[in-house]
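These numbers were taken from a predicted model, which means no experiment stands behind them. For ligands, and for the atoms within them, numbers begin at 1 and follow the listed sequence.
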Amino acid sequence: MSLAVALLASEATPLSKTGGLADVAGALAECLHAAGHDARLFTPGYATIDRERFAPRPLEGLQDIPLQVGAHRYVFSVSEVRLSGSGVRAYLIECPALYGRASLYTTDPDEHLRFLAFTRASLIACTRLGWSPDIVHCNDWHTAFGPLLLRTQFAHEAAFARSRTVLTIHNIGYQGVFGAEAVGDLDLGEQVYRLHQDDLRAGYINPLRHGILYADALTTVSPTHAREICTDEYGMGLQDSLRMRERDLTGILNGVDYTVWDPRCDRYLTRHFDAQHLGAKAELKRAFLARMGFTRPASTPLAGIVSRLAVQKGFELMFDVLPQLLEQRELAMMVLGTGEARYEQFFTELAEQFPGRVVFQRGYDDALAHWIEATSDLFVMPSRYEPCGLNQMYSLRYGTVPVVRRTGGLADSVEHFDPATGAGTGVVFNDFDAPALAWALHTALDWYAEPQLWRQIMRNGMAQDFSWARQSEQYVQIYRALKQGQLADSPPELT
Ligand code: ADP
Ligand code: GLC
């Protein structure tokens, strides 16, 4: 049974990206398409999209469509990009007034309007295309009003008569909350009672909460995180709503796009390698150390970090641990990232304090991210919470041993190595505190000092398979169950 799936995502590779959501949206669309489904991607037509490269084609009959959101009037158009390789259709919602900004996300006062308009425009585009998706798959807070809109404003649209909805929570830390005074922007009329009343009374509206309340099925991006977000510790204030829907919540680990992230064919690398040819990894490392201005010999273990520098990622654990560790042990560090000032400042100062041993590249750089994955010996992710995390899975394939905290997808994709049995793929620590991270890094360095043991960990990791082909099948099962009416018929109504 082939399914028609509308994937709504605020970012999607290769068009736009700030983090893992883009990788997942792009790869899932391609994988579903490859499996014979009619998966189509809807994403904002940001000013940052390389229009020369993707040559979006304005669609006839979908130009200059008026859209009123509350008291705000916009005009949007839809253009189509065929993603290379697979031929997946991606629809860009073009509205320069909303998406013609310097970055994908902003702190501008109309942020909620940008994505409410995007969600509505995507649904309107389906109707104008005469396309009836079986599944409308929303992602994160940006499109989380989709399920409620389909039950209200779009309830009588023939195109959605049989549509069911899925919301995937990639990051519960971002909920898109805005003030209750903007309630008119939802255009719910007398159906305003469907909004979460306690939140309204408290003076705010939480988009992600409404996705949780109204989607037919909920997913998050790893089994462990699915359990975590129902707890007070990880639910970020949404645990009660999630517990209500626990039966409809599934954790599906993200996949890896091995056409992009594989040392055997990585398009950014000058040499390629696999578990049987690790000599090339060592040569790449030597070249990289020289290029980036490291002064230590290639035998020095290199630790890599590629990350958004956000509180979620747990870098404050490093504030005391790294300066001490660098004093005590032979180690080099390559850090690529951008984000909060305090983390940028920490890594800038660390690089000044340990010249030739720590290099911090502030910014976003795809090519450099691949080089760090390929040439590092260990990859550090001490996350406070991590719904899935992709870099640890990329690291495994590149023979770069992940050092991670046991949370979310990190717990589900990295197994702590056991020298006694030779099983395991990385170093996993439990507690979110500095001693635990210090222990993990010392352990990694101790193991690195035993080349045979280290090669075993590398090889174990390189043999892992997190391909999308396997993971996407779990989404298809949920879509099918929804279509066949096996999952909860309708989520609980609010009173
Ligand atoms: P998150 O979505 O929380 O940022 P993930 O691990 O799921 O975390 O995905 C992050 C993705 O973004 C990876 O593909 C990673 O390589 C990429 N990335 C993050 N920061 C940078 C950066 N500064 N430069 C290049 N790529 C980056
Ligand atoms: C998020 C999470 C990350 C996950 C990604 C894609 O932003 O922080 O853990 O891998 O989304 O699902």
Side-chain angles (χ1 to χ4, degrees), residues 7 9-14 16-28 103-105 137-142 167-176 208 219-226 228-229 234 236 251-258 260-261 266 268 304-315 334-340 343-344 347 359-374 376 379-398 400 402 404-405 407-414 466 468 471-472 475:
L7 278 162
S10 59
E11 54 183 271
T13 51
S16 55
K17 172 170 167 178
T18 68
L21 167 59
D23 290 306
V24 175
L28 182 59
S103 54
L104 272 53
Y105 307 120
H137 187 158
C138 300
N139 293 278
D140 275 351
W141 76 263
H142 315 88
L167 172 74
T168 296
I169 302 171
H170 297 263
N171 203 324
I172 199 163
Y174 301 81
Q175 301 176 3
L208 191 59
T219 71
T220 186
V221 287
S222 67
T224 294
H225 197 59
E228 284 173 345
I229 56 179
Y234 287 97
M236 309 259 183
I252 303 175
L253 196 71
N254 286 332
V256 173
D257 185 347
Y258 288 122
V260 178
W261 293 98
D266 189 310
Y268 292 107
I305 291 176
V306 178
S307 187
R308 290 184 297 114
L309 301 180
V311 69
Q312 165 193 355
K313 303 296 177 180
F315 292 117
M334 177 69 224
V335 182
L336 167 65
T338 170
E340 283 180 39
Y343 304 122
E344 292 188 353
F347 286 119
V359 173
F360 172 44
Q361 179 82 42
R362 185 174 160 271
Y364 189 93
D365 186 333
D366 219 14
L368 191 53
H370 282 251
W371 272 87
I372 294 173
E373 283 294 359
S376 298
F379 195 93
V380 195
M381 296 178 74
S383 302
R384 185 182 288 275
Y385 74 96
E386 195 61 74
C388 179
L390 296 171
N391 281 107
Q392 81 283 5
M393 295 195 278
Y394 301 158
S395 298
L396 289 169
R397 183 50 65 103
Y398 285 80
T400 300
V404 304
R405 189 169 95 80
T407 183
L410 300 176
D412 292 340
S413 57
V414 184
F466 294 102
W468 261 115
Q471 301 311 106
S472 65
Y475 283 100

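With hydrogens and angles disregarded, no donor-acceptor distance shorter than 3.5 Å links the side chain of Ser307 to the backbone of Leu309. Side chain of Gln392 to backbone of Cys388: a donor-acceptor contact under 3.5 angstrom is found. Between the side chain of Asp140 and the backbone N or O of Asn171, at least one donor-acceptor pair lies under 3.5 Å. Using modelled atom types, no side-chain atom of Thr220 and backbone atom of Ala226 make a donor-acceptor pair closer than 3.5 Å.
No hydrogens or angles considered: nothing links the side chains of Tyr398 and Ser376 as a donor-acceptor pair under 3.5 Å.
Less than 4.0 angstrom separates some heavy atom of Asn254 from each of these atoms of ligand 2: 4 (C), 6 (C), 10 (O), 12 (O). Counting atoms of ligand 2 from 1 in the listed order, those under 4.0 Å from a heavy atom of Val24 are 6 (C), 12 (O). Those atoms of ligand 2 with a heavy atom of Gly20 less than 4.0 angstrom away are 5 (C), 6 (C). Heavy-atom contacts of Gly363 reach the following atoms of ligand 1: 22 (C), 23 (N) (cutoff under 4.0 Å).
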Verdict with supporting geometry, Phe466 and Tyr258, side-chain contact (heavy atoms from CB on, under 4.5 Å): CA-CA 9 Å; Phe466 294 102; Tyr258 288 122; 3.7 Å; yes

Run Tyr364 and Leu336 through side-chain contact (heavy atoms from CB on, under 4.5 Å) and show every step you take. CA-CA 7 Å; Tyr364 189 93; Leu336 167 65; over 6 Å; no

Assess whether side-chain contact (heavy atoms from CB on, under 4.5 Å) is satisfied between Gln471 and Asn254, documenting all intermediate values. CA-CA 7 Å; Gln471 301 311 106; Asn254 286 332; over 6 Å; no

Apply side-chain contact (heavy atoms from CB on, under 4.5 Å) to residues Arg308 and Glu340 and explain how you reach the verdict. CA-CA 9 Å; Arg308 290 184 297 114; Glu340 283 180 39; over 6 Å; no

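Taking a 4.0 Å cut-off on heavy atoms, Gln312 registers as neighbouring ligand 1. Note on ligand 2: Gln312 sits in its first shell, one or more heavy atoms being nearer than 4.0 Å. In this structure, Pro387 does not count as a contact residue of ligand 1, since none of its heavy atoms falls inside 4.0 Å of the ligand. Ligand 1 is approached by Gly337 to a heavy-atom distance shorter than 4.0 Å. Close to ligand 2: Gly389, with a non-hydrogen atom less than 4.0 angstrom away.
Ring pair Tyr394/Trp261 is parallel by interplanar angle, where below 30° counts as parallel and above 60° as perpendicular. Ring orientation note: the planes of Phe347 and Phe360 are tilted relative to one another, at an angle of 30° to 60°. The aromatic rings of Phe315 and Tyr343 sit perpendicular to each other, their planes meeting at more than 60°, with 30° as the lower class boundary.
Of the protein's non-hydrogen atoms, Lys17 CE, 3.5 Å is the one closest to atom 12 (O) of ligand 1. Among protein heavy atoms, atom 1 (C) of ligand 2 sits closest to His170 O, 3.2 Å. The protein heavy-atom contact nearest to atom 7 (O) of ligand 2 is Asn171 ND2, 3.4 Å. For atom 20 (N) of ligand 1, the closest heavy atom belonging to the protein is Ser307 C, 3.5 Å. Nearest protein heavy-atom neighbour of atom 8 (O) of ligand 1: Lys313 NZ, 3.2 Å. Residue, atom and distance of the protein heavy atom nearest to atom 16 (O) of ligand 1 are Asn391 ND2, 3.4 Å. The protein heavy atom nearest to atom 3 (C) of ligand 2 is Glu386 OE2, 3.4 Å. With hydrogens left out, the protein atom closest to atom 4 (O) of ligand 1 is Arg308 NE, 2.7 Å, a heavy atom. Here the protein heavy atom with the shortest distance to atom 24 (N) of ligand 1 is Asp365 N, 3.0 Å. In terms of protein heavy-atom proximity, atom 6 (O) of ligand 1 is nearest to Leu390 N, 2.8 Å. Of all protein heavy atoms, the one lying nearest to atom 27 (C) of ligand 1 is Tyr364 CE1, 3.4 Å.
Only side-chain heavy atoms of Asp23 come within less than 4.0 Å of ligand 1; its backbone N, CA, C and O stay farther off.
For Gly20, a nitrogen or oxygen atom sits less than 3.5 Å from a nitrogen or oxygen atom of ligand 1, counting backbone and side chain alike. An N or O contact shorter than 3.5 Å is missing between Val221 and ligand 2 by distance.
One finds the CG atom of Leu167 at 6.0 Å from the CG atom of Leu208 (value rounded to the nearest 0.5 Å). Taking CH2 of Trp141 as the start and NE2 of His170 as the end, the distance is 14.0 Å to the nearest 0.5 Å.
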